[in-house]
Protein chains: 2
Amino acid sequence: MSFIKPRSTETTRDRLLTAAEMAILHKGYAATSIEELIAEVGITKGGFFYHFKDKSALVEAILERHLGAEEAWLDGLFARAATESDDPLAEFLAFLRILREQMEALPDVHPGCLIAATCFQERLFTQVVHDLARQNLLAWRQRFHARLTEIAEANPPRQQVDLEALADMLVVLVDGAIILSKTVREKEALPRQIGLYETFVRGLFSEGE
Amino acid sequence: MSFIKPRSTETTRDRLLTAAEMAILHKGYAATSIEELIAEVGITKGGFFYHFKDKSALVEAILERHLGAEEAWLDGLFARAATESDDPLAEFLAFLRILREQMEALPDVHPGCLIAATCFQERLFTQVVHDLARQNLLAWRQRFHARLTEIAEANPPRQQVDLEALADMLVVLVDGAIILSKTVREKEALPRQIGLYETFVRGLFSEGE
DNA sequence: CGGTCTACTGTACCGACGGTACAGTGACCC
DNA sequence: GGGTCACTGTACCGTCGGTACAGTAGACCG
């Protein structure tokens, strides 16, 4: 570590991960070079390969860190929603509203989804990367499916629906809306799609309009 | 053209486009090398750069060809739906059913969406590529928005919705479901999400039930 | 005080790949 | 027979991912 430790709390490895995550989300994986990252962090190539055996291992580490943070963030949103009501449906709708508001509050179009970015470049990543992405989506499915099952027991749905597909629908809408908002450059696309999902859920499970 | 024209109808350029489209959808853009493509088609590097000034120009050409074919395919689906009914809602629902059935009939998971693949690698492509993708999504929006407006006039929606967002929702679901199905390796994900969209639209605009 | 471990530096090098330059050539077209 | 089209063939360049490995400054440890 040259001569002075810059910040003892934030390791070089962490700074690499942060720089790489930002660069990959904004420019794409292929357009993010190792040389550029080490220049930003201030280390040499040898230092990079001391921490990560190759570029794909870097993505593995980013995904692992990111998925943990995402889980905690979702927990936080659900906890906030739980303070608003005890009814499962009202609580879930509150969660969706809070999620939508957070997406509305973003200054720019959402920078993108790491999972979506990896899924379109199959051969560039190790199996570990794809497995992490898979586990993440299955965790979302499970989380929302549990909530929806609880809701459907108390409020029989107006139309017959596959609750697992309905659980998937939220993450599908989020990923799809990120593509839409990035492509047409409309940051409102993401909160609007979440709003439609709220409408769908409310329409399905609410009794009196 | 070496000595014998292999197939006078299909030009070398077309064969390059086809080979590249397949390779990019299945392996990703960065993992598809020019050398591999020319080996498959049986030309030299000079021949490649005679047709395309760089790799990004290849993607432009693929997108242009693909988007034209997609438009024609959608027209075909709508035409088939139109034979089933004269009512706008019933016709739109028939279109969605046909679309879902086509996606169900695919042998494997959908190979992917070129637009989604380009949007996560901003710096790798020219502005032309991004503009083509943008125009395509806006065309889908316009097409479906017109149908939905017509439907909403005849069938006042049960809940208040943004019809433009509802139009976007279909393409958002398709792109998102492709990500989901590729990542968790479940080919049913795409038709299931289209099925949910059918449920949503039917629930919004149908009187009875 | 000496030894070991961690976290690098520095240098040199390799192969793959995108891309350039340009001269030549066979087939067809007016 | 002259020109254009659609290439071939060869040589070369810069960038980038990745390898190899020797050296070293500082921390921690007995």
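Protein chains get the first letters and strands the later ones, always in sequence-line order, with residue 1 at the start of each. Model, not experiment: these values are computed from the prediction.
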Test: B/Arg147 cationic atom under 6.0 Å from B/Phe78 six-membered ring centre, within 45° of axis | yes
Residues two or more places apart in sequence or in another chain: which of them pass side chain to side chain contact (heavy atoms under 4.5 Å, CB included) with [X]?
X: A/Thr32; answer: A/Ala23, A/Ile24, A/Lys27, A/Glu36, A/Leu37
X: A/Ala152; answer: A/Pro157, A/Leu163, A/Phe205
X: A/Glu198; answer: A/Leu96, A/Arg97, A/Arg100, A/Ile194, A/Arg202

Do the two ring centres, one from B/Phe125 and one from B/Tyr29, sit under 6.0 Å apart?
-> yes
Whole angstroms only, please: what is the [atom1]-[atom2] distance between [X] and [N]?
X: A/Leu37; N: D/dC16; atom1: CG; atom2: C1'; result: 12 Å
X: A/His51; N: C/dT6; atom1: NE2; atom2: P; result: 13 Å
X: A/Tyr50; N: D/dT19; atom1: OH; atom2: P; result: 17 Å
X: B/Arg15; N: D/dA6; atom1: CZ; atom2: C1'; result: 12 Å
X: A/Ile43; N: C/dT6; atom1: CD1; atom2: P; result: 18 Å
X: A/Glu36; N: D/dT15; atom1: CD; atom2: P; result: 14 Å
X: B/Glu10; N: D/dA6; atom1: CD; atom2: C1'; result: 16 Å

Pair B/Arg143 + B/Asp75: basic N to acidic O under 4.0 Å =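 A salt bridge is present here (some side-chain N lies under 4.0 Å from a carboxylate O).
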Is any NZ, NE, NH1 or NH2 atom of the basic residue among A/Arg192 and B/Asp162 found under 4.0 Å from an Asp or Glu carboxylate oxygen of the other?
-> yes
Does B/Lys45 have any side-chain hydrogen bond (donor to acceptor under 3.5 Å, both in side chains) partners at least two apart in sequence or in another chain, and if so, which?
->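 Expected list: B/Glu35.
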Of all the choices, C/dC8, D/dT8, D/dC5, which nucleotide is nearest to the side chain of B/Thr44 once you look at every atom?
->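 The nucleotide sitting nearest to the side chain is D/dT8.
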Counting just side-chain N and O atoms, does A/Thr12 come under 4.0 Å of either OP1 or OP2 of C/dC8?
-> yes
Are there any protein N/O atoms within less than 3.5 Å of an N/O atom in nucleotides 17-19 of chain C, and if so, which ones and at what distance?
residue	atom	partner	partner atom	Å
C/dG18	OP1	B/Lys55	NZ	3.1
C/dG18	OP2	B/Ile34	N	3.0
C/dG18	N7	B/Lys45	NZ	3.2
C/dG19	OP2	B/Lys55	N	2.9
C/dG19	N7	B/Lys45	NZ	3.2
C/dG19	O6	B/Lys45	NZ	3.1

Could you check which residues of residues 120-129 of chain A get a heavy atom under 4.0 Å from DNA chain C? Sort them by number, please.
-> none
Got B/Leu77 and B/Gln102 here, is their nearest side-chain heavy-atom distance under 4.5 Å?
->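 A side-chain contact under 4.5 Å exists here.
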